[in-house]
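First the structure, in the form of structure tokens, and then the observations on it.
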Number of protein chains: 2
Amino acid sequence: MTEKLSPVDVSTLQERVYLKLRQALYQGKFAAGETLTIRGLAAALGTSAMPVREALQRLVAEKALVQTPSRSIRVASFTPELFWEIIRIRMSIEGMATKRAALNPPPPLAGALRDINAKMIAAIKGGFTEEVLDANKEFHFAIYEAAEMPQLLEIINNLWLRTGPYLGVAYRMGYSDPFLTGTRFHERIIQAIERRDGRRAASGLKVDIWATAKWFTRHRIAIFGEDEERPLQAVL
Amino acid sequence: MTEKLSPVDVSTLQERVYLKLRQALYQGKFAAGETLTIRGLAAALGTSAMPVREALQRLVAEKALVQTPSRSIRVASFTPELFWEIIRIRMSIEGMATKRAALNPPPPLAGALRDINAKMIAAIKGGFTEEVLDANKEFHFAIYEAAEMPQLLEIINNLWLRTGPYLGVAYRMGYSDPFLTGTRFHERIIQAIERRDGRRAASGLKVDIWATAKWFTRHRIAIFGEDEERPLQAVL
DNA sequence: TCGCGCGTCTTGTGATCACAAATCAACGAT
DNA sequence: ATCGTTGATTTGTGATCACAAGACGCGCGA
């Protein structure tokens, strides 16, 4: 009888709401600085206030959302200083994970990375769909998972949740450049991993992160708010 | 009139509960692996379930507490692997902050660090009070704050919340060794900062963290649980 | 003595409600 | 026109309740 039934979803409502909000944030569906209300989201999601409330607080704890002094909850937004700080942090932490993965990679890693990168290139030169973003994330996290440091992976996940939306901006504006140059850095990283060269792999990754961040500056894209106000919104 | 009145406490009940729990965790007042119940804490704190519930979820989001598959909430406990992973992460991240602080330290930093370290030595050789733990934390965070990276500081704070309780174990058992050797590493770090030598400062800090972690292994202190069960508890 | 049910109590989850503070809009005075 | 005020409405916080799922203890049977 067991083969007739697939397991039911035993997750809590709160968790499903959390994942839904997280995904929406990730895809940049909320404007940075936008305020989110408990009752509003609850109505939109068809639940009561309770699960939404807890999911929001969780995202606040993860710094994906911020709480103003008046307790209203907004989508986090960056100043240029905070943006570059987090880029620096990412270079350090993700560099560490990459180095570790490169020094002792599971055998199928390099091949899998090649496949993912090829998929990413195809997605860029093809329809340039959302798959570009997914492939990019998939590439990076395949490496980070290979580092076999679950707690580090959690930290990285959190950092991506904060910076993730901004990559989406480039995509939605139709810019393919940062993604295309990204795939070249990816190729470098793959080669370094094949040679078990941790240092080169890490530096390749750092350049990848840095170049993408720099792209935003170079194109003077209005990512940042002025006086903590109205950021990214104008772009979307 | 303003000088006659001090600001009233405008924080939410949830936040005060959170801070109280955080402090208790930090001081190792809860045994690792211990189960915390919402109603139990609410009764102990004299509040309703609501604020406790949200404070607990926040601590779960920060990985200071963990939620079992059956949804009960426990104090996080380490396996040796997870412990050493977090030590490695701390060496990398706190090393980064230290390097940055040493390269461009605010003028009074070195002097302030000397004072704190002297206070720590006095506390060790004197009554060996809880002030030892406080001074140690104060020393490290004086450096991390000097790095002027607020988001990095948040991450470090979180890592300390997870490993903090274990330092308390050594203190409660009356061991002063790890703290005394710590002060010697601190002195090295201070000298490196005076010379604006970021690399030496960072490596000094890494040795400080590593040596302390190693101390637990060397003394075969039963910090870790077996099969995720009964950790640290036997020690307290 | 050990294992297996079975009933009771406890626990987390989610819904609903009361309330105070914040937000927003219309309005009036300068 | 601009700013401050006032009133209505929205919003987060905290309390309480219903309910299903777990945890626990007791006793029965092997």
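Values in this document were obtained by computation on a predicted structure and should not be read as measured data. Throughout, a chain's letter reflects where its sequence line sits, starting with A, and its residues are numbered from 1.
Computed from coordinates, the B:Ile73 CD1 to D:dG22 C1' distance equals 15 Å when rounded to whole Å. For the pair B:Gln14 CD and D:dT11 P, the interatomic distance rounds to 19 Å; values are reported in whole Å. B:Leu65 places its CG atom 12 Å from the P atom of C:dG12, with the value rounded to the nearest Å. Residue A:Ile38 contributes atom CD1, which lies 17 Å from atom P of C:dC17 at whole-angstrom precision. Straight-line distance from the CG atom of A:Leu13 to the P atom of C:dT13: 11 Å, rounded to whole Å. The CD atom of B:Glu54 sits 7 Å away from the P atom of D:dG14 (whole-angstrom rounding). Atom pair A:Arg74:CZ and D:dG12:C1' shows a separation of 14 Å (rounding to whole Å applied). Following rounding to the nearest Å, A:Arg39 (CZ) and D:dG14 (P) show an atom-to-atom distance of 14 Å.
Using cut-offs of 30° and 60° on the angle between ring planes, the pair A:Phe141 and A:Tyr144 is perpendicular. The aromatic rings of B:Phe78 and B:Tyr166 sit tilted relative to each other, their planes meeting at an angle between 30° and 60°.
In this structure, B:Arg71 reaches the sugar-phosphate backbone alone: every heavy-atom distance under 4.0 Å involves primed, P, OP1 or OP2 atoms, never a base. Among the protein residues, A:Leu36 comes within range of the sugar-phosphate backbone only, with heavy atoms under 4.0 Å from sugar or phosphate atoms but none that close to a base. Backbone-only contact: A:Gln67 has heavy atoms under 4.0 Å from sugar-phosphate atoms and none from a base.
Checking A:Ser11 against A:Arg16 by side-chain atom types alone, a donor-acceptor pair falls below 3.5 Å. Defined by atom type and a distance below 3.5 Å, a donor-acceptor pair is present between the side-chain atoms of A:Arg22 and A:Tyr18.
Evaluation of atom-type donor-acceptor distances gives a pair under 3.5 Å for the side chain of B:Arg53 against the base of C:dG14.
Taking all atoms of both residues into account, the shortest heavy-atom contact from B:Leu109 to B:Ala146 is CD2-CB, 3.8 Å.
Remark on DNA chain C: of its neighbouring residues B:Thr35 and B:Met50, the 5'-side contact belongs to B:Thr35, judged by nearest-heavy-atom nucleotide.
OP1 or OP2 of C:dT13 lies within a sub-4.0 Å distance of a side-chain N or O belonging to B:Gln57. Using a 4.0 Å cut-off, some side-chain N or O of A:Ser70 falls inside it from OP1 or OP2 of C:dT23.
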